[in-house]
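Below, chains carry the letters A, B, ... as their sequence lines are ordered, and counting in each starts from 1.
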Number of protein chains: 2
Amino acid sequence: MDEHRDQPSRRQRRKDARPSEITAAALRLFHERGFAATKLDDVAAAAGVTKGTLYLYFPSKEALFKAVVQESVIPNIDRLAQAAASSTEPPLGKLALVLRLLAQGLNESDGCISKLMLAEAGNFPELAQFYVDEVVHRLHDVVRGILSEGIATQSFRNIDLVHTPRLIMAPLLLANMWRNTYGSFDRYPVDPAHYAELQIAMLQHGLLPSPQEPRHD
Amino acid sequence: MDEHRDQPSRRQRRKDARPSEITAAALRLFHERGFAATKLDDVAAAAGVTKGTLYLYFPSKEALFKAVVQESVIPNIDRLAQAAASSTEPPLGKLALVLRLLAQGLNESDGCISKLMLAEAGNFPELAQFYVDEVVHRLHDVVRGILSEGIATQSFRNIDLVHTPRLIMAPLLLANMWRNTYGSFDRYPVDPAHYAELQIAMLQHGLLPSPQEPRHD
DNA sequence: GTTTAATAACTGACCAGTCAGTCATTAAGT
DNA sequence: ACTTAATGACTGACTGGTCAGTTATTAAAC
């Protein structure tokens, strides 16, 4: 019986493809269960290899974790900062652009990292420091730049430049964690893109009815 | 030599005080390190007992975790709902009241739970379901009631009643998790009460300059 | 035939959970 | 009051299972 022939052959050698497959599997499981509760045997199985193979590419479980974070975190920030810088819209439009891009970035690849880092920061202080400096503060700085410009041109009122970036991005970030975590338990599905639109409207009008023109499109 | 006399005596019998001391210690450590990464020996030490004692009061580590969550979660919701119901303020004032109470509740006792549940929901589905139903949705319902009233009296524009509660509370919740997690790494201290005020102002005005009266107190 | 990616059996440290024993406290006996 | 028996809260050494990390072996690739 050669029933081992139907799958294209186990034990392939694919040195270049492995690392990203492994980190992808690890990200999913770390996010789902937490770092400590995730077994490397499970990560390996999810990546279609065995545990020994992990150690060909990553020297330890902790190193794998760091690789996961750094790999998933680098990309979208630059894209976002660049989009904001090159946009010629007025401040509010620029802000809307950033929020929509953020929602999109969270939606695809890895809005998982924010929750994962939050949960594990206590166990990995240096990594947490890196994350705060390289990701969060850079993101805040983008928004802060827009706000600052808006205040200068009197498009915005004179808001708190230190904390308002967090205030503005919090709903999107939390909505995303929410969806990734409680999605299956919740009555209403949560959609980051929808939250982006709600937040944009809120930034524009607040809760109050628009005094000049009650629009109805 | 009676040098054993200076500490009031180890090995006291305090059957009634133990459980809350244990859950308090457990909450701190679970929140700091995560459930799986927390050793019961450490919880016991932090509570001033030994591991064996834990098992006199809680049948398993998982049972301890559930006790921690349920104990920390029950109180503040009712207080908040009641305050909102008995307030005679206009909708925006009522909303401000709720946000301030929420910030206060997060600040003292246990704003830890929200992060802890977020991190462990995947490993404790029934508990997550309980938390979503009994805590989060009830909180949202309070806010939803206020919004609904505001729309009816035309104090508010016609906002999305399903999602806006989350949108409004997200900044406070996230700011709190932030402070509990990255507080020591962050440049600027995060204060929930301050975020409550920022958020109230944002709900009132949005980002835009107030068209009728540019106030400056 | 040589190289090396991949495997799987193995090891040892760690930790949740157990239990026989200890001692602070209570209360009965005098 | 003073002694002593009974109680049960508390301890800490122990165990069995689990899992990160290792290594001897296998087989794919060239």
Starting at CG of Leu56(B) and ending at P of dA24(C), how long is that distance when rounded to a whole Å? 17 Å
Provide, to the nearest angstrom, the distance between the CZ atom belonging to Phe65(A) and the C1' atom belonging to dG21(D). 19 Å
How would you list, by chain and number, every residue that makes a salt bridge (charged side-chain N to carboxylate O under 4.0 Å, His left out) with Lys61(A), sequence neighbours excluded? none
Expected string for nucleotides 9-15 of chain C under the B/S/- scheme (protein heavy atoms, under 4.0 Å, primed atoms plus P, OP1, OP2 as sugar-phosphate) is ------S
Residues in salt bridge (charged side-chain N to carboxylate O under 4.0 Å, His left out) with Lys51(A), at least two apart? Asp41(A)
Of dA9(D), dG21(D), dA6(C), the nucleotide closest to the side chain of Tyr57(A) is dA6(C)
Side-chain N or O of Thr53(B) less than 4.0 angstrom from OP1 or OP2 on dC10(D)? no
Could you list the residues that satisfy ring-ring contact (aromatic ring centres under 6.0 Å, His included) with Tyr182(B), not counting sequence neighbours? Trp178(B)
Counting side-chain heavy atoms from CB outward, which of dA6(C), dT7(C), dT11(D) is closest to Arg14(A)? dA6(C)
Lys/Arg N to Asp/Glu carboxylate O, Arg187(A) vs Asp133(B), below 4.0 Å: no
Sequence neighbours left out, what pairs pass salt bridge (Lys or Arg N to Asp or Glu O under 4.0 Å) with at least one residue falling in residues 77-89 of chain A? Asp78(A)-Arg138(A)
Would one find more than 12 heavy atoms of other residues, nucleotides or ligands at under 6.0 Å from atom CD of Gln204(A)? yes
Nearest-Å distance for atom pair CZ/P, residues Arg18(A) and dT4(C): 17 Å
I need the full list of salt bridge (Lys or Arg N to Asp or Glu O under 4.0 Å) pairs touching residues 91-107 of chain A, with sequence neighbours left out, sorted by first then second residue. Lys94(A)-Glu149(A), Arg100(A)-Glu197(A)
Taking side chain to side chain contact (heavy atoms under 4.5 Å, CB included) as the definition, give me every residue that meets it alongside Thr38(A), ordered by chain and number, with sequence neighbours left out. Leu29(A), Phe30(A), Arg33(A), Val43(A)
Find the distance Phe58(A):CZ to dA20(D):C1' and express it as a whole number of Å. 16 Å
With Leu97(A), which residues qualify under side chain to side chain contact (heavy atoms under 4.5 Å, CB included), at least two apart? Ala83(A), Ser87(A), Leu101(A)
Whole-Å distance separating the OH atom of Tyr55(B) from the C1' atom of dC19(C): 13 Å
Under 3.5 Å between N/O atoms: give me all the protein pairs with nucleotides 5-8 of chain D, atom names plus distance.
from	atom 1	to	atom 2	distance (Å)
dG8(D)	N2	Arg13(B)	NH1	3.4

Output the rounded distance in Å from CG (Leu64(A)) to C1' (dC19(D)). 15 Å
Report the distance from atom CG of Leu54(B) to atom P of dG12(D), rounded to the nearest whole Å. 13 Å
